[in-house]
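Here's the structure, in structure tokens; my notes come after.
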Amino acid sequence: MKIIGTGSALPKKVVTNDMLTEFFDTSDEWIRTRTGIETRRIITDESLLELAITASNRALEASGLKAQDLDYIICSNVNNNYVYPSMSCMVQGAIGATCPCFDIRIACAGFVYAMDLADSFLKTGRATRILVLAAEEPTRFCNWAQRETSVLFGDGAAAAIVEDSDGYMGARMTTTSNTEVLFQRKRLEPTPFEVEGKYLDHPMVMNGREVFRMAVSSCSSEISSLLNDAGYKVEDIKFFILHQANLRIIKGIEQYLGGIPEQYPTTVQKYGNTSSASIPILLDELVRANKIERGDLIVMSGFGSGFTTGSLLMRY
Ligand code: COA
């Protein structure tokens, strides 16, 4: 599999740390030192679907393909205001594609899982060109009365178009059923038979310290074994494109693996944690800044609710 086009789209509203002090007791200093985040983009009058469509059209344009050339659309999306139809179905019609499409919901690791799925579709000949999309609005998961989670997130969408080649060297996926460390419960319609209190909705609940610990240890060991098995060293990798949740988590993984800071590019300072969209947003920025060249080895690695991690190694 190789990437032949990327695109991204972010909301226009820039929210600084200082702006958040209007809503709860926090400070620019606390947020910067604990997370590295300085600003984030938050959806206002645009919709997540519009961002997803723009990101997909930009990726198509960069690839030189038309929407009709796509054989599949796979979209990573945790939440939007439709339970169904899927986000990928809505994007498909809007961009003028006619291929089958489906969504996956693997939280922040979703883009890596979607890329790995895309590779199996390409390898087995089920498809020749796939749009892999991530569209996320995590600022709508949080309880905005709580400072612990609301400061961490931003919204955004990004896409990559992939086609078959021998550049994909595999992936490692880990799922540990630790469902209490990070979850959100959605409201279900009541039935006359409901047992009271059993199906309550609840905005995001997070054990930040545990998420931090699991993210660093799981991603680090996953990437290590991926490189070992493929016979590559850290210095062979041009970029480790890691989920942008917290600068200290990225630094923790860098410390474990080694290498130089330039191999660990970041956008978390300006966009916050955009869930599964963070990896393709960063990828698109690197591609558009001409920082990645054909043949460069890249690692993508994400982590999130589940607890789920996924890491892949490929040539750009
Ligand atoms: N502003 C100011 N104070 C805050 C705050 C905020 N936004 N959020 C929490 N605090 C307070 C807490 O109430 C607590 O106060 P207390 O000590 O009086 O009880 C204190 O800060 C906790 O601070 P600390 O222990 O230093 O926090 P931390 O180093 O564990 O950092 C996180 C907290 C959330 C930034 C960190 O744990 C983290 O990033 N975890 C990973 C989260 C993540 O990435 N989630 C998404 C995964 S996809």
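First listed ligand is number 1; within each ligand, the first listed atom is number 1. Values below: every heavy atom of this structure, side chains too, minus hydrogens, waters and symmetry copies.
Between Leu313 and Ile237 there is a side-chain heavy-atom pair separated by less than 4.5 Å. Between Val162 and Met115, some side-chain heavy-atom pair lies under the 4.5 Å cut-off.
No N or O atom of His243 sits closer than 3.5 Å to an N or O atom of ligand 1. Between Thr35 and ligand 1, no N or O atom pair is found at a separation short of 3.5 Å. Considering both main-chain and side-chain atoms, Val151 never comes within under 3.5 Å of ligand 1 through any nitrogen or oxygen pair.
Residue Ile31 does not touch ligand 1, judged by heavy-atom distances below 4.0 Å.
Geometrically, Arg147 does not engage Phe24 in a cation-pi contact defined by less than 6.0 Å to the ring centre and at most 45° from the axis. Taking the ring axis of Tyr316 as reference, the NZ or CZ atom of Arg294 stays within 45° of it and closer than 6.0 Å to the ring centre.
In terms of protein heavy atoms, atom 48 (S) of ligand 1 is closest to Cys108 SG, 3.2 Å. At the top of the distance list for atom 47 (C) of ligand 1, counting protein heavy atoms only, stands Val211 CG1, 3.6 Å. Of the protein's heavy atoms, Ala245 CB, 3.5 Å lies nearest to atom 44 (O) of ligand 1. Gly208 O, 3.4 Å is the protein heavy atom nearest to atom 41 (C) of ligand 1. Shortest contact from atom 9 (C) of ligand 1 to any protein heavy atom: Trp30 CZ2, 3.5 Å. Among protein heavy atoms, the minimum distance from atom 34 (C) of ligand 1 is reached at Met206 CE, 4.0 Å. Of the protein's non-hydrogen atoms, the one nearest atom 38 (C) of ligand 1 is Asn246 ND2, 3.7 Å. Counting protein heavy atoms only, atom 1 (N) of ligand 1 is closest to Thr26 OG1, 2.6 Å.
Note on ring orientation: taking the six-membered ring where Trp is involved, the planes of Phe121 and Phe102 are tilted (angle from 30° to 60°). Ring orientation note: the planes of Phe153 and Phe141 are tilted relative to one another, at an angle of 30° to 60°.
Among residues two or more places apart in sequence or in another chain, the side-chain hydrogen bond (donor to acceptor under 3.5 Å, both in side chains) test is passed with Gln263 by none.
By the 4.0 Å heavy-atom criterion, Phe24 is excluded from the residues contacting ligand 1.
For the residue pair Asn79 / Lys186, a side-chain donor-acceptor distance below 3.5 Å is found, with atom types taken as modelled.
Under the 4.0 Å distance rule, the nearest protein heavy atom to atom 19 (O) of ligand 1 falls outside the cut-off.
The distance from ligand 1 to the heavy atoms of Asn273 drops below 4.0 Å at these ligand atoms: 46 (C), 48 (S).
Between Arg248, Arg147, Met214, it is Arg147 that holds the heavy atom closest to atom 11 (C) of ligand 1.
Other residues, nucleotides and ligands contribute over 12 non-hydrogen atoms within 6.0 Å of the CZ atom of Arg248.
Test Asn273, Ile250, Thr274 against Gln244 for side-chain contact (heavy atoms from CB on, under 4.5 Å) and you get one pass: Ile250.
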